[in-house]
Amino acid sequence: MTEKTIPTNFIRQIIDKDLAAGKNNKKVVTRFPPEPNGYLHIGHAKSICLNFGIAQDYNGTCNLRFDDTNPSKEDIEFVDAIKWDVQWLGFDWNELHYASDYFQNLYDFAVDLIKEDKAYVDDLSAHDIREYRGTLKEPGKNSPYRERTVEENLDLFERMKNGEFEDGSKVLRAKIDMASPNINLRDPTIYRIRKGVDHHQTGTSWSVYPMYDYTHCISDALEGITHSLCTLEFEDHRPLYDWFLDQLDVPCHPQQIEFSRLNLEYTVMSKRKLTELVTQKHVDGWDDPRMPTIAGLRRRGFTPASLREFIQRVGVTKSDNIVEMGVLEDCIRTDLNENAPRRMAVLRPLKVTITNYPEDKVEQLDSSNHPQNEAMGKRKLPFSNTLYIDQNDFAEEPPKKFKRLIPGGEVRLRNAYVIRCDEIIKDASGNIIELKCSFDENTLGKNPEGRKVKGVIHWVSAAQAIQANVCLYDRLFSDPNPDGNKEGKDYHDFINPESLIKLEACYVESNLDSVKPGETFQFEREGYFCLDAHSSSDKPVFNRTVTLRDTWAKITKK
RNA sequence: UGGGGUGUCGCCAAGCGGUAAGGCACUGGAUUUUGAUUCCAGCAUACCCAGGUUCGAAUCCUGGCACCCCAGCCA
């Protein structure tokens, strides 16, 4: 799909001004800085597209940096997954970094801070630190350890690093202002002790780990980042970001700019909640096709281009938002409508016997892979006297305006003949199990004479069709905003029990015999489907990415 | 008056003092061997509210209101 229009947003306007003013040597350097503590979701895609997109459009560069300062939550599994997701989305980083690469620099800068009496070792417990911090409306008060001498702080901090103290017994704090109206400035903790935890990059070589606020600004500065883009909840941290850089002898002072997170209707976006969905088995894993993760969307059949298009349509601002699913759905439909070859698949089979078609004959009918794009070629479709159609395409007592198959009525078999239903066969309990039909041999590739046949339905030839499982997905939650705090309820209470419907007796046309995992098709009149990444070869599993637009469904609802 | 933000169509979102872009959704209608696609038409006298400045205000000023974020040794 085409992504031609270059977006405009307030961040790009800031950059335009900076460039015009000759700031940063007229360079633009950004970074995407995930913590490897989970899989990336579509909200991260916004940050990725923003950061890498700006770098591309301004002839700048963008780094991938893992913000790995909390070893107890992180795992190498996540760093590998994140790298692949970024590349899959279509981006490549200039430099790959880990915040842990800077642990020594960070430590040295902390020593500088101590030497200038701008940081101190505090023996207060976590609980007491909280007490001393004050509240949103009342100022905090100084720790009794705040006035330790530089020498003592230097000694203590070094011994913290050397592993002489237990976890939680001491922290290093920046000495700023316990009465600041901005809580982040009330002597924030910048180092804590984590002894013996195995860090995925640095092993057990460190006993102290720097905090986010302290790490992030310095990492940005060391990499020469010009514009440090992050989400709105860090607005209050910006004064702290700037404070550290002002105190320290760093190569540059990047500009932090905040934008609003992406929220999508009928799903949740926080890593904690997504992690819970996985660990509590509400879904099959991080790549469950119902998940808003990049991995889930990929397995569902979304393309990188459709996701990039979505992010572009949604824009970048500072206002809170909840985007409707319809936007995402339109993005993938637009892409797949243009690029997915057409196939036929019968999801709820109903046997049809063509009584006037020779029993042993199999015809190979020509059908195009795309009605609007001849370049996608043609395929052969076997036709015989025994077919399957979808149960929904026959009605013994049709509703008004129904234009599919009815008793005594005619319908077009897509890419084939017009048939008429002559007889309904039912089982003992009255279920329709078969239709006896007759075909009009003069209707292949042309309309019948003297009468109009409005309906067109899809089908497969029974003998050649391939058995398949099909997974139909719906929204994971029944409420558009499962996060919104509604009297005592949380997102668990809105999990949609029908978010996955497994159909296990489906037939797909024989041309679907050598499909690669992830390959996408339009099953005509049903929707877009892809072969599941975990599909086994004996019985393929197709995931429905999205339905076709369905005005008939709208009519029947009225 | 704790601090920091945000308020333009159902949902996103342009707009930056010269008279409300666009997309999605929705509603009609045309073409169609997918009730798909495509096409064509419609869809904010109005920008949270109230004052004010101005020839002119969504844009500037004043005062309200609503909503979001912040009290991790998480990021």
Side-chain angles (χ1 to χ4, degrees), chain A residues 5 8-9 13 33-35 37 67-70 72-73 122 124-126 129-131 133-140 167-173 180-186 188-194 209 211-213 215-216 230-239 258 260 262 265 271-272 312-331 333-334 337-338 342 344 367 370-372 401-404 411-416 418 443 445-447 453-458 480 522-527 547-556:
Chain A
T5 50
T8 164
N9 58 53
Q13 289 175 356
E35 184 189 15
N37 66 344
D67 227 325
D68 56 348
T69 56
N70 187 0
S72 42
K73 284 192 173 179
D122 196 342
L124 247 29
S125 67
I129 286 182
R130 195 181 320 126
E131 297 271 281
R133 184 153 32 226
T135 68
L136 293 177
K137 295 189 177 182
E138 302 156 27
D167 288 14
S169 62
K170 285 179 171 48
V171 291
L172 183 70
R173 291 229 254 169
S180 172
N182 181 345
I183 289 194
N184 295 297
L185 263 20
R186 317 240 261 234
T189 300
I190 60 179
Y191 266 92
R192 75 283 215 189
I193 302 171
R194 280 296 117 85
Y209 288 91
M211 299 286 289
Y212 164 85
D213 284 310
T215 306
H216 206 93
C230 63
T231 43
L232 245 31
E233 67 272 25
F234 293 107
E235 276 181 311
D236 288 347
H237 297 235
R238 192 182 341 122
E258 310 84 7
S260 60
L262 170 67
E265 279 193 343
K271 240 182 230 177
R272 195 202 96 223
Q312 186 170 133
R313 287 192 195 183
V314 150
V316 180
T317 66
K318 293 181 74 130
S319 44
D320 292 331
N321 60 81
I322 306 181
V323 178
E324 290 179 345
M325 275 291 185
V327 183
L328 219 206
E329 289 174 353
D330 186 67
C331 289
R333 283 195 188 112
T334 304
N337 174 53
E338 192 180 331
R342 312 287 123 124
M344 290 202 285
S367 48
H370 191 116
Q372 279 87 243
K401 293 190 178 174
F402 189 80
K403 52 183 207 190
R404 283 110 95 145
V411 77
R412 158 78 62 186
L413 292 178
R414 175 80 169 145
N415 297 310
V418 168
T443 55
K446 57 187 175 191
N447 287 324
V453 176
K454 266 196 166 177
V456 180
I457 66 174
H458 59 282
Q522 183 194 101
F523 289 173
E524 289 194 271
R525 303 207 313 129
E526 290 289 359
T547 61
L548 259 27
R549 214 179 251 110
D550 190 354
T551 50
W552 172 243
K554 272 179 210 158
I555 293 166
T556 50

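What's counted below: heavy atoms across the whole structure, side chains too, no hydrogens, waters or symmetry copies. First the proteins, then the strands, lettered A, B, ... as listed; each starts at 1.
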How close or far is atom [atom2] of [N] from atom [atom1] of [X], stated in whole angstroms?
{"X": "A:Asp67", "N": "B:C74", "atom1": "CG", "atom2": "P", "result": "14 Å"}
{"X": "A:Asp213", "N": "B:C73", "atom1": "CG", "atom2": "C1'", "result": "13 Å"}
{"X": "A:Asp330", "N": "B:C12", "atom1": "CG", "atom2": "C1'", "result": "13 Å"}
{"X": "A:Lys554", "N": "B:C26", "atom1": "NZ", "atom2": "C1'", "result": "8 Å"}
{"X": "A:Lys446", "N": "B:U33", "atom1": "NZ", "atom2": "C1'", "result": "14 Å"}
{"X": "A:His458", "N": "B:U32", "atom1": "NE2", "atom2": "P", "result": "23 Å"}
{"X": "A:Asn184", "N": "B:G2", "atom1": "CG", "atom2": "P", "result": "18 Å"}
{"X": "A:Ile190", "N": "B:G72", "atom1": "CD1", "atom2": "C1'", "result": "16 Å"}

Output the single nucleotide from [options] whose closest atom is nearest the side chain of [X].
{"X": "A:Lys318", "options": "B:C73, B:G5, B:A75", "value": "B:G5"}
{"X": "A:Gln13", "options": "B:A71, B:G15, B:A13", "value": "B:G15"}
{"X": "A:Ser319", "options": "B:G2, B:A71, B:A13", "value": "B:A13"}
{"X": "A:Val323", "options": "B:U34, B:C70, B:C12", "value": "B:C12"}
{"X": "A:Asp236", "options": "B:U34, B:C69, B:A71", "value": "B:C69"}

Say you pick atom [atom1] in [N] and the same atom in [M]; how far apart are they, in whole Å?
{"N": "B:U59", "M": "B:G17", "atom1": "P", "answer": "11 Å"}
{"N": "B:G5", "M": "B:A44", "atom1": "C1'", "answer": "26 Å"}
{"N": "B:G7", "M": "B:G56", "atom1": "C1'", "answer": "24 Å"}
{"N": "B:G15", "M": "B:U6", "atom1": "P", "answer": "15 Å"}
{"N": "B:A58", "M": "B:U53", "atom1": "C1'", "answer": "16 Å"}
{"N": "B:U31", "M": "B:U37", "atom1": "C1'", "answer": "11 Å"}
{"N": "B:A50", "M": "B:C65", "atom1": "P", "answer": "15 Å"}
{"N": "B:U8", "M": "B:C68", "atom1": "P", "answer": "15 Å"}

(message) Please tell me whether A:Ser72 and A:Asn70 have a donor and an acceptor in their side chains that are separated by less than 3.5 angstrom.
(response)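 Short answer, yes.
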Main-chain N/O of [Y] paired to [X] side chain as donor or acceptor, under 3.5 Å:
{"X": "A:Arg333", "Y": "A:Thr547", "answer": "yes"}
{"X": "A:Asp213", "Y": "A:Met211", "answer": "no"}
{"X": "A:Asp236", "Y": "A:Asn182", "answer": "no"}
{"X": "A:Arg342", "Y": "A:Ser367", "answer": "no"}

Is there a Watson-Crick or G-U wobble partner for [N] with both distances under 3.5 Å, and if so, which one is it?
{"N": "B:G2", "answer": "B:C70"}
{"N": "B:A41", "answer": "B:U27"}
{"N": "B:A58", "answer": "none"}
{"N": "B:C65", "answer": "B:G7"}

Are OP1 or OP2 of [N] and a side-chain N or O of [X] less than 4.0 angstrom apart?
{"X": "A:Arg313", "N": "B:C11", "value": "no"}
{"X": "A:Thr317", "N": "B:A13", "value": "yes"}
{"X": "A:Arg192", "N": "B:A75", "value": "yes"}
{"X": "A:Thr215", "N": "B:A75", "value": "no"}
{"X": "A:Thr443", "N": "B:U33", "value": "no"}

Which atom of [X] lies closest to which atom of [Y], heavy atoms considered:
{"X": "A:His216", "Y": "A:Asp67", "answer": "ND1-OD2, 2.7 Å"}
{"X": "A:Tyr212", "Y": "A:Thr69", "answer": "N-OG1, 4.5 Å"}
{"X": "A:Ser319", "Y": "A:Ser260", "answer": "O-OG, 2.9 Å"}
{"X": "A:Arg414", "Y": "A:His458", "answer": "CB-CA, 4.3 Å"}

(request) Identify whether the distance between the nearest side-chain nitrogen and carboxylate oxygen of A:Lys271 and A:Glu35 falls below 4.0 Å. (result) no
Within the structure shown, what part of the strands sits under 4.0 Å from [X] by heavy-atom distance: base, sugar-phosphate, or nothing?
{"X": "A:Tyr191", "result": "nothing"}
{"X": "A:His237", "result": "base"}
{"X": "A:Ser72", "result": "nothing"}
{"X": "A:Arg412", "result": "base"}
{"X": "A:Met344", "result": "nothing"}
{"X": "A:Val411", "result": "nothing"}
{"X": "A:Ile129", "result": "base"}
{"X": "A:Arg133", "result": "sugar-phosphate"}
{"X": "A:Arg194", "result": "base"}
{"X": "A:Gly168", "result": "base"}

(request) Assign B:G72 to syn or anti; the rule is syn for a glycosidic angle within 90° of 0 and anti otherwise. (result)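 Syn conformation here, the glycosidic angle of B:G72 being no more than 90° from 0.
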(message) So, taking the atom named CD in A:Glu131 and the one named CD1 in A:Ile129, what distance separates them when rounded to the nearest 0.5 Å?
(response) 11.5 Å
(request) Would you please name every residue forming a salt bridge (Lys or Arg N to Asp or Glu O under 4.0 Å) with A:Arg133, sequence neighbours left out? (result) none
(request) Take A:Glu524 and A:Arg130, find for each the nucleotide of RNA chain B with the closest heavy atom, and name the residue whose nucleotide sits nearer the 5' end. (result) A:Glu524
(message) Need to verify one output field. Residue with the more 5' nearest nucleotide on RNA chain B, A:Asn182 or A:Met211?
(response) A:Asn182
(message) Tell me if the side-chain of A:Glu324 makes a donor-acceptor pair with the base of B:G10, cut-off 3.5 Å, by modelled atom types.
(response) yes
(message) Generate the contact string for nucleotides 35-40 of chain B. Rules: B means base contact, S means sugar-phosphate contact only, - means no protein heavy atom under 4.0 Å.
(response) BBB---
